[in-house]
Amino acid sequence: MYLLALYSLCISCNQHQSQHQVQYQGKALYTIQVDKERLAHYLTEGSDNSYINAIYKFSNGAQFSLLLDTDRSVFRFNSKPDDHEIKAKGVSAFLIFFHLSGTIYSDLDKGKSYQLKEAGSATHLLALPLEGINWNITTESKMHGKYKVYKATAILKEKRNLHLTAWFCRDVPTKFGPGVYAGLPGLIMDLTGDQQTKGVLKFNLKLETLTKGNQDITIPFDTYKVYNQQESDEIYRKLNGNARP
């Protein structure tokens, strides 16, 4: 009986350690800067300056939060108090195109990101590849505040040849970054996206603060269905008359 009790205690201790092993948990706050001249190229032809200025004001300096631990993260666009009217005009379109709008859950074990797509009763999670970016890690480094960061580059052809430049910190043990931009051996603290084709959008996401936390990150699979890009697009076509989200 004594040996059995001792064995059970050891098993319990091992399970407890595996479930509560030391891992990084934190909250990152990013701000975005947008190139206004390039933004104008992206907009629908015929847009007047007031419309362009409204989008620029809405987008430039907007904040995003990233809750993260070793295996999961949740990235959110922090809406401004007065942005409801602007959003109604569809001026966050470029954020949607680059998967930076709304809420994005990521899971390293599943190798997926799940973007919450609001569509009324058809609201769902859009499944996206988490580590599909072919990063080229360089030896170049610099300081980002108190953190030493390293440079990595990539090109996303499916995003109109979006050239990415990321600066990541090896001292923050997570592969996450803003939105779906992940897969580096450390937290992405600075990310620049620069299009090289028609549209020529350019944006920069920069880490402003990073604090340690203790939060549970749960992906709402029980609440929403999961669809791929084609299935998600079909939902929006039915809702908006063949208009792509």
Residue pair [X] / [Y], side-chain heavy-atom distance below 4.5 Å:
| X | Y | result |
| --- | --- | --- |
| N204 | D190 | yes |
| I217 | D69 | yes |
| R170 | K148 | no |

Measure from the side-chain N and O atoms of W135 to the backbone N and O of A166, and report whether any donor-acceptor pair falls under 3.5 Å.
->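 No, because the side chain of W135 does not come within donor-acceptor range (under 3.5 Å) of the backbone of A166.
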Counting distance only, does the side-chain N/O of T138 pair as donor-acceptor with the main-chain N or O of K151 below 3.5 Å?
->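 Side chain of T138 to backbone of K151, a donor-acceptor pair under 3.5 Å: yes, one is there.
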Just how far is it from atom [atom1] of [X] to atom [atom2] of [Y], taken to the nearest 0.5 Å?
| X | Y | atom1 | atom2 | value |
| --- | --- | --- | --- | --- |
| E208 | L29 | CD | CG | 7.0 Å |
| N136 | T153 | CG | OG1 | 4.5 Å |
| L187 | T174 | CG | OG1 | 6.5 Å |
| C169 | K146 | SG | NZ | 10.0 Å |
| S106 | I219 | OG | CD1 | 7.5 Å |
| L191 | W167 | CG | CH2 | 12.5 Å |

Any donor-acceptor N or O pair under 3.5 Å, side chains T123, E118 =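 There is no such pair (donor and acceptor under 3.5 Å, judged by atom type) between the side chains of T123 and E118.
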May I ask you to check whether H124 and S232 show a side-chain donor-acceptor distance below 3.5 Å?
->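 Yes, because at least one side-chain N or O of H124 sits under 3.5 Å from a partner of the opposite role on S232.
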Closest heavy-atom contact between [X] and [Y]?
| X | Y | result |
| --- | --- | --- |
| A119 | L239 | CB-CD1, 3.6 Å |
| A182 | K175 | CB-O, 3.2 Å |
| L68 | A28 | CD2-N, 4.3 Å |
| L207 | Y30 | N-CD2, 3.5 Å |
| R72 | T218 | NH1-CA, 4.0 Å |
| A122 | I235 | CB-CG2, 3.9 Å |

Decide side chain to side chain contact (heavy atoms under 4.5 Å, CB included) for Q215 and K27; before the verdict, give the C-alpha distance in whole Å, the side-chain angles of both, and the deciding distance to 0.1 Å.
-> CA-CA 9 Å; Q215 68 281 329; K27 179 179 181 179; 5.5 Å; no
Are [X] and [Y] grouped together when hydrophobic residues (ILVMFWY) are joined by side-chain heavy atoms under 4.5 angstrom apart?
| X | Y | value |
| --- | --- | --- |
| L130 | L156 | yes |
| Y150 | L210 | yes |
| F203 | I155 | no |
| L128 | Y114 | no |
| L126 | Y181 | yes |

Is it the case that R76 places NZ or CZ above or below the six-membered ring of F64, under 6.0 angstrom from the centre and within 45 degrees of the axis?
->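 That pair does not qualify as a cation-pi contact.
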Kindly determine whether L184 and I137 satisfy side chain to side chain contact (heavy atoms under 4.5 Å, CB included), including the steps that lead there.
-> CA-CA 8 Å; L184 288 166; I137 299 176; 3.8 Å; yes
List the steps and the verdict of side chain to side chain contact (heavy atoms under 4.5 Å, CB included) for T103 and F77.
-> CA-CA 7 Å; T103 301; F77 173 62; over 6 Å; no
Are F75 and F176 near enough that their ring centres are under 6.0 Å apart?
->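 Ring centres of F176 and F75 not closer than 6.0 Å.
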Stepwise side chain to side chain contact (heavy atoms under 4.5 Å, CB included) test for K117 and L125 | CA-CA 6 Å; K117 304 289 285 185; L125 295 171; over 6 Å; no
Do NZ/NE/NH1/NH2 and the carboxylate oxygens of D107 and K112 come within less than 4.0 Å?
->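 Answer for the salt bridge query: no.
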If you count the non-hydrogen atoms of other residues, nucleotides and ligands that lie under 6.0 Å from NZ in K225, is the total more than 12?
->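 At most 12 heavy atoms, drawn from other residues, nucleotides or ligands, come within 6.0 Å of this atom.
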D216, CG atom: more than 12 neighbouring heavy atoms under 6.0 Å |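 Open: at most 12 neighbouring heavy atoms sit under 6.0 Å from CG of D216.
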